[in-house]
> 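The structure is given below, and queries will be raised subsequently.
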Amino acid sequence: MTTAAPDTHTPKRTLLCAAAMLTLASASAQTTGETDGEAWRFQLTPYVWMTGMEARIRPFPGAPTAHVGQRFSDIFDNLDAAAFLTGTARKGRYVFQGDASHAAISDSASLPLGLTTQARVRQDSLTLTGGYNWLNDGRNSLDLLAGARWWSIKTSVQLQPLLKTHASASFLDPIVAMRWRHQLGPRWSTLVYLDAGGLGIGSDFTWQLLGSVNYQLKDNLYVSLGYRRLSVDYRDQRKRLDFGMGGPMVGVTLRF
């Protein structure tokens, strides 16, 4: 199924928040030997995620599946709202992290039998994990984490000219995660983060992958550039809500 031209009435200024998470550990990627101290250390990262978005929506049993998709180049016209923020806390070898994201797009799509749809997808997610720093040799650091991701996905589909229907789901997915950071030099580092979960408890499956290159501007200020992908597949007997976001991102991290 093909995606029709974007709705040009969507506010363009909201893209600025459309975003990227990757610096989720940007500051911690810069610090060597940080697990030796016992004081709490915190990081806060607002980020821009230059993401595309796609979704497959079946609002009720027997309904056709609507495909909604936007590349990053189309997001200017179709993004309704977005906001992204992440934070981490460390004490000794223990680490805790949280990430919140919100995004909404509108799109037109085509269906079989010559029908067209106007679809809107809104997603809110909150990821909370905690774990332990199992390795820190000065250049490499590995965190193993476990926690949960809460989802709220709301969709509306207007089937021209027949009907308008809504579908929504809120659920909690257990997840496990790993984060590996490598110190390239005094100011440069890399980060790889991966999590996965769901397994039928909330969604059928959810996963996230990000990678970044990080640079230390000052003692407590870092910038990061990378790529992030976040996806969830949710189905029950009544509906299907599959959702994914992916694209480059840039963030600024303040450590205190």
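Please read these numbers as outputs of a predicted model, since none were measured by experiment.
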> Any heavy-atom pair between the side chains of Leu194 and Leu209 that's under 4.5 Å?
yes
> Given the rule that I, L, V, M, F, W and Y join up when any side-chain heavy atoms are under 4.5 Å apart, are Leu172 and Ile201 in one cluster?
no
> Could you walk me through whether Asn140 and Leu142 pass the side-chain contact (heavy atoms from CB on, under 4.5 Å) check?
CA-CA 7 Å; Asn140 297 282; Leu142 177 65; over 6 Å; no
> Quick check: do Leu199 and Pro174 have side-chain heavy atoms less than 4.5 Å from each other?
no
> If you look at every heavy atom in Gly138 and Gln183, which pair is closest and at what distance?
O-CB, 4.2 Å
> Where do Phe96 and Lys91 land on the side-chain contact (heavy atoms from CB on, under 4.5 Å) test, with the steps shown first?
CA-CA 9 Å; Phe96 305 91; Lys91 183 176 176 60; 5.8 Å; no
> Assign the ring pair Tyr234 / Phe171 to parallel, tilted or perpendicular, where the plane angle (0 to 90°) is split at 30° and 60°.
parallel
> Keeping Asp173 on the side-chain end and Ser203 on the backbone end, is there a donor-acceptor pair under 3.5 Å?
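The answer is yes, because a donor-acceptor pair under 3.5 Å joins these two groups.
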> Treating Ile, Leu, Val, Met, Phe, Trp and Tyr as nodes and any side-chain heavy-atom pair under 4.5 angstrom as an edge, say whether Trp207 and Val192 lie in one connected cluster.
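In one cluster with Trp207: Val192, yes.
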> For Val223 and Val250, run side-chain contact (heavy atoms from CB on, under 4.5 Å): C-alpha distance rounded to whole Å, both residues' side-chain angles, the deciding distance at 0.1 Å, then the answer.
CA-CA 7 Å; Val223 294; Val250 60; 5.8 Å; no
> Are Ile175 and Phe243 connected into the same hydrophobic cluster when the rule is that any two of I, L, V, M, F, W, Y join if their side-chain heavy atoms are below 4.5 Å apart?
no
> Does the side chain of Ser101 come under 3.5 Å of the side chain of Gln123 through a donor N or O and an acceptor N or O?
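A donor-acceptor contact under 3.5 Å links the two side chains.
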> Assess whether side-chain contact (heavy atoms from CB on, under 4.5 Å) is satisfied between Leu44 and Phe256, documenting all intermediate values.
CA-CA 9 Å; Leu44 188 64; Phe256 54 96; 4.2 Å; yes
> Is any side-chain heavy atom of Arg149 less than 4.5 Å from a side-chain heavy atom of Asp99?
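Side chain of Arg149 against side chain of Asp99, heavy atoms only: no contact under 4.5 Å found.
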> Does the gap between the ring centers of Tyr94 and Tyr132 come in under 6.0 Å?
yes
> Quick one: does Thr253's side chain get under 4.5 Å of Thr86's, heavy atoms only?
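No - every pair of side-chain heavy atoms lies 4.5 Å or more apart.
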> Under 4.0 Å between a side-chain nitrogen and a carboxylate oxygen: does that hold for Asp195 and Arg179?
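Salt bridge between Asp195 and Arg179, a charged N being under 4.0 Å from a carboxylate O: no.
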> Could you report the tightest heavy-atom contact between Tyr227 and Pro248, atom names first, then the distance?
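What the structure gives for the nearest pair is CD1-N, 3.8 Å.
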> So which heavy atom on Tyr193 is nearest to which on Gln208, and how close?
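The answer is CE2-NE2, 3.8 Å.
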> Does Arg181 pair with Asp143 as a salt bridge, N-O distance under 4.0 Å?
yes
> Does CH2 belonging to Trp134 count more than 12 external heavy atoms closer than 6.0 Å?
no
> Taking the side chain as everything from C-beta on, heavy atoms only, tell me whether Tyr215 gets closer than 4.5 Å to Val213.
no
> Find out whether Arg255 and Arg41 are in side-chain contact, i.e. whether some heavy atom of one side chain is under 4.5 Å from a heavy atom of the other.
no
> Assess, by modelled atom type and distance only, whether the side chains of Ser189 and Asn214 contain a donor and an acceptor separated by less than 3.5 Å.
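A pair is found: one side chain offers a donor N or O, the other an acceptor, under 3.5 Å apart.
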> Does any N or O in the side chain of Arg122 come within less than 3.5 Å of the main-chain N or O of Lys154, such that one atom is a donor and the other an acceptor?
no
> Closest heavy-atom contact between Ser141 and Asn136?
OG-ND2, 4.0 Å
> Under the 3.5 angstrom rule, does the side chain of Arg187 hit a backbone N or O of Gln216 as a donor-acceptor pair?
yes
> With the 4.5 Å side-chain cut-off for hydrophobic clustering, are Leu217 and Val252 part of the same group?
yes
> Counting distance only, does the side-chain N/O of Asp219 pair as donor-acceptor with the main-chain N or O of Leu221 below 3.5 Å?
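Flag not set: sc Asp219 to bb Leu221 has no pair under 3.5 Å.
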> Find out whether Asp124 and Trp150 are in side-chain contact, i.e. whether some heavy atom of one side chain is under 4.5 Å from a heavy atom of the other.
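In contact.
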> State plainly whether one hydrophobic cluster holds both Phe205 and Met178, where clusters connect Ile, Leu, Val, Met, Phe, Trp and Tyr through side-chain heavy atoms under 4.5 angstrom apart.
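Linked, Phe205 and Met178 end up in one cluster.
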> Identify whether the distance between the nearest side-chain nitrogen and carboxylate oxygen of Arg139 and Asp137 falls below 4.0 Å.
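No, Arg139 and Asp137 are not salt-bridged.
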